[in-house]
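Ligands are counted one by one from 1 in listed order, and the atoms in each one are counted from 1 as well.
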Amino acid sequence: MTSSYLIKGVSVLGGDRTDLLIRDGVVADGGGTADETIDADGLVALPGLVDLHTHLREPGREDAETVETGSRAAALGGYTAVFAMANTSPVADTAGVVEQVWRLGREAGLVDVLPIGAVTVGLAGRQLAELGAMATSAAGVRIFSDDGHCVADPRLMRRALEYVKAFDGIIAQHAEEPRLTEGAQMHEGEVSTRLGLTGWPAVAEEAIIARDVLLAEHVGSRLHVCHVSTAGSVEVLRHAKARGVRVTAEVTPHHLLLTDELAASYDPVFKVNPPLRTASDVTALREALVEGVIDIVATDHAPHAVEDKECEWAYARPGMVGLETALPVVLSVLGEQWELIAERMSRAPARIAGLAGHGTDLSAGTPANLTLVDPSARRVVDPAGLASRSRNTPYAGTTLPGRIVATFLRGEPTVLDGKAVK
Ligand SMILES: NC(=O)N[C@@H](CC(=O)O)C(=O)O
Ligand SMILES: [Zn+2]
């Protein structure tokens, strides 16, 4: 049932207060009456957020997250589209599995779920997966990634870049030279030395990015760099972009805020891949995000069941949930720079992915994919209050700014009064 909504007195992207009328799935022209009215005084309207890096865990680890529970967490985080990574079980390396994920997303109906296809069969890094079959499947895959693993073999990375060039696809690399991170537990630096933990050196990420930007340049194909975490990686990207290489890059909310000092707590919630780095890396990442050397924020939402996370640091799975806290974390880092936030969290990710209908300017006639934020709210993060099926948030007990009041997917509410509609 498509009802109409009048969103009164809202600030679109931080601009002057105005009324937004949503009718028949689009932002309607002019005023008029509506079935429902939302008093949006004090609220900011943003185009629905788009996440290029989400782990929904279905099929395979439905105990940690399902497409439905992850979709609900995304909508509550202000998202209208998420791209689901391929490290599921079975791996999303065939048309069949990507179509299964795509269908589950449509059934959940809370956000658009776009599957990302694996680059190599089983994420094993030995043989290209059926990239073409996934691209021509109903899921229309355009982005391929072995995230969780690096496509370490340069021949395979070159062939993958060559293959997707034909349909303007993208290879999204988890940049980690595996021979430099064997047994790595945290960032290699002063803290890891002090704690006696095996380090994950920045160069393991930077060396792969440096190689991949040269391969992308050589092939003339599109590379996206997942979860950039170091100042050195920023410099490699800056240099590559200056040379016109078709490379884009993402940073996660946790790498914009947290540092390796937190590992000293040995709380495995702070164990993540790539690891939390130093304060100077955080500063470099923030500057790169403002400057645009890093194009987007992506959550790397990585839900884990309790038994995989709340155990001894060395055995804990790496990763943090992030969908429901991403905008508050970015607000705490950037402040109310709404145009910048909309560009980095909605417009640019939609543009990179070629995703129509999301990341719009909310002008009349555009699809009503939007979220309403209360910037004056302050909330203490409570893991038990998360919609995600998992609780591994690094922000437990932290007070963060901002609250998602409502989210609309093509004019239908997915969140109202801060609660998921289903
Ligand atoms: N980012 C993480 O720490 N974990 C990711 C995979 C990965 O990128 O290692 C996951 O899927 O759990
Ligand atoms: Zn990764």
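- Ligand-side atoms of ligand 1 in range of Asn87: 10 (C), 11 (O), range being under 4.0 angstrom from any heavy atom.
- With hydrogens left out, the protein atom closest to atom 4 (N) of ligand 1 is Pro318 O, 3.1 Å, a heavy atom.
- Near His304, the atoms of ligand 1 lying under 4.0 angstrom from a non-hydrogen atom of the residue are 12 (O).
- Only side-chain heavy atoms of Arg57 come within less than 4.0 Å of ligand 1; its backbone N, CA, C and O stay farther off.
- Using a 4.5 Å cut-off on side-chain heavy atoms (C-beta onward), Val27 and Thr360 make no contact.
- Between Glu291 and Arg238 there is a salt bridge, since at least one side-chain N of the basic residue sits less than 4.0 Å from a carboxylate O of the acidic one.
- Among the backbone and side-chain atoms of Asp147, an N/O/S atom is found under 2.8 Å from the Zn ion (ligand 2).
- Annotation for Arg179: atom CZ does not count as buried by contact number, only 12 or fewer foreign heavy atoms lying within 6.0 Å.
- When heavy-atom distances to ligand 1 are checked against a 4.0 Å cut-off, Lys271 has no atom that comes that close, whether in backbone or side chain.
- For ligand 1, the atoms sitting less than 4.0 Å from at least one non-hydrogen atom of Ala302 are 10 (C), 12 (O), numbered in the order shown with element in parentheses.
- Look at His174 and the Zn ion (ligand 2): an N/O/S atom of the residue is under 2.8 Å from the metal.
- Between Arg155 and Asp153 there is a salt bridge, since at least one side-chain N of the basic residue sits less than 4.0 Å from a carboxylate O of the acidic one.
- Note that OG of Ser221 is 14.0 Å distant from CZ of Arg159, once rounded to the nearest 0.5 Å.
- In summary, the side chains of Glu65 and Thr69 do present a donor paired with an acceptor at a separation below 3.5 Å, with no hydrogens or angles considered.
- The Zn ion (ligand 2) has an N, O or S atom of His227 inside 2.8 Å of it.
- Every atom of ligand 1 is numbered from 1 in the order shown, and the set under 4.0 Å from a heavy atom of His174 is 7 (C), 8 (O), 9 (O).
- Each of the atoms 3 (O) of ligand 1 lies under 4.0 Å from some heavy atom of Val272.
- With a 4.0 Å heavy-atom cut-off, ligand 1 is reached by no atom of Met320.
- A salt bridge links Asp168 with Arg246: at least one charged nitrogen is closer than 4.0 Å to a carboxylate oxygen.
- Counting protein heavy atoms only, atom 5 (C) of ligand 1 is closest to His55 NE2, 3.8 Å.
- Using a 4.0 Å cut-off between a side-chain N of Lys or Arg and a carboxylate O of Asp or Glu, Glu68 and Arg72 qualify as a salt bridge.
- Proximity of Asp300 to ligand 1, defined as any heavy-atom pair under 4.0 Å, is confined to the side chain (atoms from C-beta onward).
- Distance CD/Glu261 to OG1/Thr278: 9.5 Å, rounded to 0.5 Å.
- The protein atom (non-hydrogen) at minimum distance from atom 3 (O) of ligand 1 is Asn273 N, 2.8 Å.
- Between Arg351 and Glu343 there is a salt bridge, since at least one side-chain N of the basic residue sits less than 4.0 Å from a carboxylate O of the acidic one.
- Of the protein's heavy atoms, Gly148 CA, 3.6 Å lies nearest to atom 6 (C) of ligand 1.
- Salt bridge absent: Arg103 and Glu107 never bring a charged side-chain N and a carboxylate O closer than 4.0 Å.
- Heavy atoms of Arg317 stay at 4.0 angstrom or farther from ligand 1.
- Atoms of ligand 1 found under 4.0 Å from any heavy atom of His227 (numbered from 1 in listed order, with element): 8 (O).
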